[in-house]
Trainee: 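Quick one: the structure is below, questions incoming.
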Amino acid sequence: MRVFRSTLTRALRHRWPRLKRALPVLVLIVVAGLLIHFGRAVDWPQVWISMRRIPAGAIALASGLVVAGYLAYGAMDLLAKRYTRHTLPWPKTLGVAMMSYALNLNLGVLVGGLGARLRLYARLGCRKSVATRVALFSAASNWIGYGWLAGALFLMGAVPVPQGWGIGPNVLRLPGAALLALAAAYVVFCARARRRTWTWMGQHAALPGAGMAVAQSAVAVLSWAIMGAIVYVLLQGKASYPAVLGVLLCTSFAAVVIRVPGGLGTTEAIFVAALAPRIPAHEVLGAALVYRALYAFAPLCLALLAFSLAELRLRRGRRAAPAAAARPDPPGKPAEAPFRASD
């Protein structure tokens, strides 16, 4: 048995670099084919008309859900604050999380999810190691929640498969079972593992407890569920909520594989391919474009403005600090200790 495992491990290690390079190319080819096919077939004036016909009430409800979705994602950083025990106030932690999330959706992980978060935490006084642990904890939480939701929906066969592909919903049941098993294994491992700490690549990591693992799962599931609810509201209930959420989860995975920030073009192509046989393609595409405008583009504008203001404020604070330190304190006034947000 050990010989078999070692042989299999060596084979996977040898072939993984090739698979890693080939998988994004294959997904990109499929998505490009979908974009070309539906781009030629879609009546773009009708798409614009469909977008304008979405009721104002639906737009307002979707906008409220966008705020809720960003707050839910930010809650993962609040859990990370408790996990890392850094002392940055929770409103600033929430603000950094929501700002970096908007940048992540539009500009990619390195710029938004990691780069902006590390810079902002460092500016606010946290050590780089603490900010890195926060980013990794939040990312892990997000994909653990993905595993629970996608696993359940795939296993149920709730995700519609594009017609003409020659495959049925049952093809997703095995990956669904695997995702559920991985998510459950994480919670069980956090609850029962005897070794609780590791050092990897110079980073100290401590395994969360069972309660924290459950909280991670719950908050991340809520975040993904709200994203699906936004598209469902914009489609005005013309497709079932499990189907819409399942398609959205597929688009998120495809965007990660082909490394397109925010899944630009990928999300729209997969939604049209999966739902267009039941709903007119121009209505599906119109709802997907409005979703992108509400959930990605509008928050990006706010995040860029907030990021610029934060940079200006922090720079002014740093310039004022040496001048304040050079001024002598009044007689009898004790010196103030500098603020530090690191753990």
Trainee: For a side chain to side chain contact (heavy atoms under 4.5 Å, CB included) check, start with the C-alpha distance between Trp224 and Met227, then their side-chain angles and the critical distance, and finish with the verdict.
Mentor: CA-CA 5 Å; Trp224 286 106; Met227 290 172 64; 3.9 Å; yes
Trainee: Quick one: closest heavy-atom pair of Ala102 and Pro299, and the distance?
Mentor: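 So the two residues come closest at CB-O, 3.7 Å.
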Trainee: Give a yes or no on whether Arg196 atom CZ has more than 12 heavy-atom contacts from other residues, nucleotides or ligands under 6.0 Å away.
Mentor: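 Yes, because the 6.0 Å sphere around CZ of Arg196 holds more than 12 heavy atoms from other groups.
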Trainee: Has the side chain of Tyr186 got a donor or acceptor atom that lies under 3.5 Å from a matching backbone atom of Ala181?
Mentor: no
Trainee: Is there a path from Val96 to Leu302 through hydrophobic residues (I, L, V, M, F, W, Y) whose side chains come within less than 4.5 Å of each other?
Mentor: no
Trainee: Rounded to the nearest 0.5 Å, how far does CG of Leu182 lie from CD1 of Ile144?
Mentor: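 The distance works out to 10.5 Å.
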Trainee: What are the two closest non-hydrogen atoms of Ala58 and Leu234, and how far apart are they?
Mentor: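 Nearest pair, atom of Ala58 first, then Leu234: O-CD2, 4.4 Å.
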Trainee: Heavy atoms, side chains only, cut-off 4.5 Å: are Ser141 and Leu79 in contact?
Mentor: no
Trainee: So how far is it from Leu289 CG to Arg292 CZ, rounded to the nearest 0.5 Å?
Mentor: 8.0 Å
Trainee: What pair of heavy atoms forms the shortest contact from Leu149 to Val221, and how long is it?
Mentor: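 Leu149 and Val221 have their closest heavy atoms at CD1-O, 3.6 Å.
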Trainee: Measuring from Ile279:CD1 to Ser50:OG, what's the distance to the nearest 0.5 Å?
Mentor: 11.0 Å
Trainee: Donor-acceptor pairs are to be reported for all side-chain atoms of residues 235-250 against protein atoms at under 3.5 Å, with residues two or more places apart or in another chain.
Mentor:
from	atom 1	to	atom 2	distance (Å)
Lys238	NZ	Glu283	OE1	2.6
Ser240	OG	Ala243	N	3.4
Tyr241	OH	Ala225	O	2.7

Trainee: In the structure I gave you, are the side-chain heavy atoms of Gln216 and Pro208 within less than 4.5 Å of one another anywhere?
Mentor: yes
Trainee: How long is the gap from CG on Asn142 to CZ on Phe137, to the nearest 0.5 Å?
Mentor: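 If we round to the nearest 0.5 Å, Asn142:CG and Phe137:CZ are 12.0 Å apart.
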Trainee: Give a yes or no on whether the backbone of Val134 and the side-chain of Ser138 come within a donor-acceptor separation of less than 3.5 Å.
Mentor: no
Trainee: Looking at every heavy atom in both Ala193 and Leu207, which two are closest together, and how far apart are they?
Mentor: CB-CD2, 3.5 Å
Trainee: Main chain of Pro175, side chain of Arg173: is a donor-acceptor contact present, judged purely on distance under 3.5 Å?
Mentor: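 No; zero donor-acceptor contacts below 3.5 Å.
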Trainee: Do side-chain atoms of Lys128 reach the backbone of Ala122 as a donor and acceptor pair under 3.5 angstrom?
Mentor: no
Trainee: Which heavy atom of Ala183 sits nearest to which heavy atom of Gly147, and what is that distance?
Mentor: CB-C, 4.3 Å
Trainee: To the nearest 0.5 Å, tell me how far Met99 CE sits from Leu305 CG.
Mentor: 9.5 Å
Trainee: Do His282 and Trp48 make a side-chain contact, defined as non-hydrogen atoms from C-beta onward lying under 4.5 Å apart?
Mentor: no
Trainee: With side chain to side chain contact (heavy atoms under 4.5 Å, CB included) as the criterion, how do Ser217 and Val187 come out once you've worked through the C-alpha distance, each side chain's angles and the decisive distance to 0.1 Å?
Mentor: CA-CA 9 Å; Ser217 301; Val187 176; 4.0 Å; yes
Trainee: Less than 4.5 Å apart, any side-chain heavy atom of Leu179 and any of Trp148?
Mentor: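 No; the side chains remain at least 4.5 Å from each other.
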Trainee: How far apart are the closest heavy atoms of Tyr83 and Met212, and which atoms are they?
Mentor: N-CE, 4.3 Å
Trainee: Is any side-chain heavy atom of Pro160 less than 4.5 Å from a side-chain heavy atom of Leu275?
Mentor: yes
Trainee: With heavy-atom distances below 4.5 Å as the criterion, would you say the side chains of Gln46 and Pro280 are in contact?
Mentor: no
Trainee: Side-chain donor-acceptor contacts of residues 60-73 below 3.5 Å, not counting sequence neighbours, with atom names and distances?
Mentor:
from	atom 1	to	atom 2	distance (Å)
Ser63	OG	Ile59	O	2.8
Tyr70	OH	Tyr295	O	2.7

Trainee: Take Leu174 and Phe154 through the test side chain to side chain contact (heavy atoms under 4.5 Å, CB included) and record every step on the way to the result.
Mentor: CA-CA 8 Å; Leu174 184 58; Phe154 292 172; over 6 Å; no
Trainee: Can a donor-acceptor pair be found, under 3.5 Å and without considering hydrogens, that links the side chain of Asn106 to the backbone of Leu300?
Mentor: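 No; judged by distance alone, with no hydrogens or angles, the pair does not exist.
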Trainee: Are Leu88 and Tyr121 close enough that some pair of their side-chain heavy atoms sits under 4.5 Å apart?
Mentor: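 Of all side-chain heavy-atom pairs linking Tyr121 with Leu88, at least one is under 4.5 Å.
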Trainee: Please tell me whether Thr93 and Asp77 have a donor and an acceptor in their side chains that are separated by less than 3.5 angstrom.
Mentor: no
Trainee: Linking I/L/V/M/F/W/Y whenever any side-chain heavy atoms sit under 4.5 Å apart, do Val171 and Leu153 land together?
Mentor: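 Yes; tracing contacts between hydrophobic side chains, which count when under 4.5 Å, links both residues.
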Trainee: Under 3.5 Å, side chain of Arg117 to main-chain N/O of Ala135, donor-acceptor pair present?
Mentor: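 It does not hold such a pair.
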Trainee: Side chains of Leu94 and Trp90, heavy atoms from C-beta outward: is any pair under 4.5 Å?
Mentor: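 Touching, per the 4.5 Å side-chain cut-off.
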Trainee: What is the distance from atom SG of Cys126 to atom NZ of Lys81, rounded to the nearest 0.5 Å?
Mentor: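 One finds 8.5 Å between SG of Cys126 and NZ of Lys81.
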Trainee: Would Phe307 and Leu120 satisfy side chain to side chain contact (heavy atoms under 4.5 Å, CB included), going step by step from the backbone distance to the final call?
Mentor: CA-CA 9 Å; Phe307 188 85; Leu120 288 170; 3.8 Å; yes
